[in-house]
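Just so it is clear, the values below take in all heavy atoms, side chains as well, and ignore hydrogens, waters and symmetry mates. Numbers here simply count residues along the sequence, with the first being 1.
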Amino acid sequence: MKTITLRDGKERSLLRRHPWVFQGSVAKGKADPGETVRVESADGRFLAWAAFSPSSQIRVRAWTFDEAERVDEAFFARRIQAALALRGQLGIDSDGVRLIHGEADGLPGLIVDRYGDLLSAQFLSAGTERFKQAIADALVAATGCQALYERSDSGVRQMEGLEPVTGWLRTPASGAPSTEVTIREHGWRLTLDVAEGHKTGYYLDQRDNRKLFADLVRQMGLKTALNCYSYTGGFSVAALAGGAEHVTSVDSSAPALARAGAHITLNGFDASRHTAMDADVNGALRQFIKEGRRFDAIILDPPKFAPSAAHADRASRAYKDINRLAFKLLEPGGLLMTYSCSGGIGAELFHKIVAGAGMDAYVDGYLIKRLEASPDHPTTINYPEGEYLKGLAIVRR
Ligand code: SAH
């Protein structure tokens with residue numbers, strides 16, 4: 001087993017059980033991509049068994065801080081079992097569930113979502129790539145799902161020196177099933193395609209927020225809704241389920257909008273209650289303002305504007321801009337649910353940005369709830385950096 005020795009003082013993050021070691025913290029030692037290494041402090045103390053990644057800034061990702069633990073098939077089976085046990089405790093009202101959420105589940109770089117009987121996975125680190133077959137076997141054994149689709153086409157693989165890979169990783173004896181699947185979320189039917197959809201196919205992290213939106217639309221008696229960055233219209237279905245008369249979905253992806261339209265009728269709502277707009281949200285918001293339109297409820301769920309803290313400045317301006325426009329379009333007494341999924345923008349900074357947007361729009365509002373990802377996308381106490389999705393529910397005064 002190869003040993004990686006850290007520079008003096010650089011053991012601190014592993015000692016507090018944070019799983020990453022950056023390139024600059026390594027004093028000596030090297031290994032092959034994904035190879036399991038022993039990580040030691042400058043004075044030779046054991047710190048972790050970890051996956052080595054020679055081309056990544058994150059040079060080492062810890063598998064375990066227990067010197068006696070072996071990183072083998074049984075290790076992955078145990079970690080996967082523990083992750084499934086947590087999901088079993090959460091009372092999730094859907095058969096679309098994030099089973100493995102990377103670092104938080106002790107499996108750095110591994111994302112696995114379950115959609116009905118189908119698993120969709122991303123292997124995003126050199127370590128998960130190396131143990132892919134053992135992980136796939138353990139996933140099938142633990143879930144009983146025979147079909148596992150790989151969506152390792154995320155840009156972050158590049159930083160690990162890995163090529164994009166997509167396709168079936170495991171199929172039932174009867175052959176590959178359809179990549180299209182229908183899930184049931186809060187009693188709504190939603191379809192997705194694990195081969196064609198974004199990420200693993202769907203945005204499960206907003207599940208609880210979609211339910212909250214439906215509940216608030218009903219409680220507040222809201223009638224007109226605008227779903228910005230709608231993707232396949234999960235929040236649009238929620239709006240109608242909550243009793244809204246009409247919802248407009250705006251997205252720049254035509255296939256996503258086509259699916260959003262299909263979701264309206266699939267859930268028993270008349271197609272006339274939905275308008276799909278294939279447009280850039282920023283432009284659409286400006287157009288609505290020009291037309292003098294107003295909405296009772298607005299969702300702003302943009303893609304990641306700031307992939308890292310280095311992009312925070314430009315991203316802040318972009319967030320502020322769309323929030324300012326949304327405030328102007330919101331009826332008094334209306335509801336805005338606004339989000340950022342940028343890891344580089346913390347909850348406090350996001351609040352500041354939205355406050356600035358309200359100032360610029362001459363709009364004030366009650367902050368009725370702080371929002372976050374559904375609990376099957378957990379963070380851990382030792383890995384607060386994992387907190388990426390944050391949002392605010394605001395009622396305009
Ligand atoms: N709220 C959705 C997820 C949104 S993901 C849900 O609950 O499922 C972000 C979406 O923004 C993607 O569908 C992407 O196609 C869209 N998008 C990205 N940039 C955009 C832009 N400038 N204008 C409109 N849509 C955009």
Side-chain angles (χ1 to χ4, degrees), residues 16-20 48-51 61-66 69-125 127-128 131-132 134-149 151 170 181 183-186 192 194 199-212 341 343 347 370-391:
R16 66 174 184 89
R17 305 208 156 201
H18 185 289
W20 295 351
W49 297 113
R61 292 176 200 243
W63 289 126
T64 173
F65 302 98
D66 176 357
E69 192 167 29
R70 287 281 148 287
V71 181
D72 52 15
E73 280 87 352
F75 167 84
F76 290 103
R78 280 195 304 277
R79 285 287 157 99
I80 289 167
Q81 284 295 353
L84 292 185
L86 171 73
R87 275 56 180 188
Q89 292 175 312
L90 296 175
I92 297 169
D93 184 18
S94 174
D95 58 357
V97 179
R98 170 141 306 181
L99 298 181
I100 312 285
H101 191 54
E103 275 71 355
D105 284 303
L107 293 166
L110 181 66
I111 300 293
V112 183
D113 289 333
R114 178 176 186 156
Y115 299 114
D117 291 333
L118 218 151
L119 301 176
S120 183
Q122 297 180 307
F123 297 79
L124 303 175
S125 59
T128 54
F131 285 103
K132 190 183 282 180
I135 291 169
D137 288 340
L139 284 169
V140 168
T143 60
C145 295
Q146 306 288 312
L148 166 58
Y149 197 85
R151 281 299 300 272
R170 293 289 182 275
V181 52
I183 59 166
R184 207 164 245 294
E185 182 180 278
H186 317 301
L192 59 107
V194 292
K199 301 196 176 180
T200 67
Y202 193 51
Y203 292 92
L204 293 173
D205 52 359
Q206 290 284 28
R207 179 199 315 111
D208 292 6
N209 291 319
R210 286 187 283 263
K211 174 72 161 72
L212 176 70
C341 61
R370 291 175 185 279
L371 308 167
E372 58 192 355
S374 300
D376 50 339
H377 300 61
T379 51
T380 64
I381 295 167
N382 300 313
Y383 181 66
E385 293 88 339
E387 188 178 355
Y388 67 105
L389 183 66
K390 69 276 316 178

Exercise. To the nearest 0.5 Å, tell me how far Leu389 CG sits from Asp205 CG.
Key: 5.0 Å
Quiz item: Under a 4.5 Å cut-off applied to non-hydrogen side-chain atoms, are Leu90 and Val97 in contact?
Solution: no
Self-check item: Side-chain heavy-atom pair Ile100, Ile135 within 4.5 angstrom cut-off
Solution: no
Self-check item: Shortest non-hydrogen contact between Pro108 and Ser125, atoms and distance
Solution: O-OG, 3.0 Å
Quiz item: Any salt bridge between Arg207 and Asp376, counting N to O under 4.0 Å?
Solution: yes
Exercise. Measure from the side-chain N and O atoms of Arg151 to the backbone N and O of Val194, and report whether any donor-acceptor pair falls under 3.5 Å.
Key: yes
Quiz prompt | Lys390 atom NZ, over 12 foreign heavy atoms within 6.0 Å | solution = yes
Quiz item: How long is the gap from CD on Glu185 to CZ on Arg210, to the nearest 0.5 Å?
Solution: 4.0 Å
Practice problem: Would you confirm whether Ser374, through its side chain, and Asp208, through its main-chain N or O, come within 3.5 Å as a donor-acceptor pair? | Solution: yes
Quiz item: Can you check whether Phe131 and Phe76 have ring centres sitting under 6.0 Å from each other?
Solution: yes
Quiz item: Does Gly116 offer a backbone N or O that forms a donor-acceptor pair with the side chain of Arg114 under 3.5 Å?
Solution: yes
Exercise. Please name the pair of heavy atoms, one in Pro378 and one in Leu86, separated by the smallest distance, quoted to 0.1 Å.
Key: CG-CD2, 4.2 Å
Quiz item: Can you tell me if CG on Asp93 sees more than 12 non-hydrogen neighbours from other groups inside 6.0 Å?
Solution: yes
Exercise. State whether the side chain of Thr200 and the backbone N or O of Asp113 hold a donor-acceptor pair below 3.5 Å, judged by distance alone.
Key: no
Exercise. Could you point out which residue of Arg79, Arg98, Arg87 forms a side chain to side chain donor-acceptor pair (under 3.5 Å) with Asp105?
Key: Arg87
Quiz item: Taking all atoms of both residues into account, what is the closest heavy-atom pair of Ile183 and Gly96, and its distance?
Solution: CD1-CA, 4.2 Å
Quiz prompt | Residues which pass side chain to side chain contact (heavy atoms under 4.5 Å, CB included) with Ala77, listed by chain and number, not counting sequence neighbours | solution = Ala138
Practice problem: Taking all non-hydrogen atoms of both residues into account, name the closest pair between His18 and Tyr383 and its distance. | Solution: NE2-CD1, 3.6 Å
Quiz prompt | SG-NE2 distance between Cys341 and His377, expressed to the nearest 0.5 angstrom | solution = 11.5 Å
Practice problem: Examine distances only and state if a side-chain atom of Tyr115 and a backbone atom of Tyr202 form a donor-acceptor pair shorter than 3.5 Å. | Solution: yes
Quiz item: Would you call Leu119 and Tyr149 a side-chain contact if the rule is heavy atoms closer than 4.5 Å?
Solution: no
Quiz prompt | Among Leu148, Leu84, Asp117, the one residue meeting side chain to side chain contact (heavy atoms under 4.5 Å, CB included) with Thr143 | solution = Leu84
Self-check item: Polar side chain donor-acceptor pair, Glu69 to Trp63, under 3.5 angstrom
Solution: no
Exercise. Indicate the atoms forming the closest heavy-atom contact of Tyr388 with Ala373, along with that distance.
Key: OH-CB, 4.2 Å
Exercise. Work out which heavy atom in Thr380 is nearest to a heavy atom in Ala104; give both atom names and the distance.
Key: CG2-O, 3.3 Å
Quiz item: Just how far is it from atom CZ of Arg61 to atom CG of Leu107, taken to the nearest 0.5 Å?
Solution: 12.0 Å
Quiz item: Rounded to the nearest 0.5 Å, what separation is found between the NE2 atom of His101 and the CG atom of Leu204?
Solution: 11.0 Å
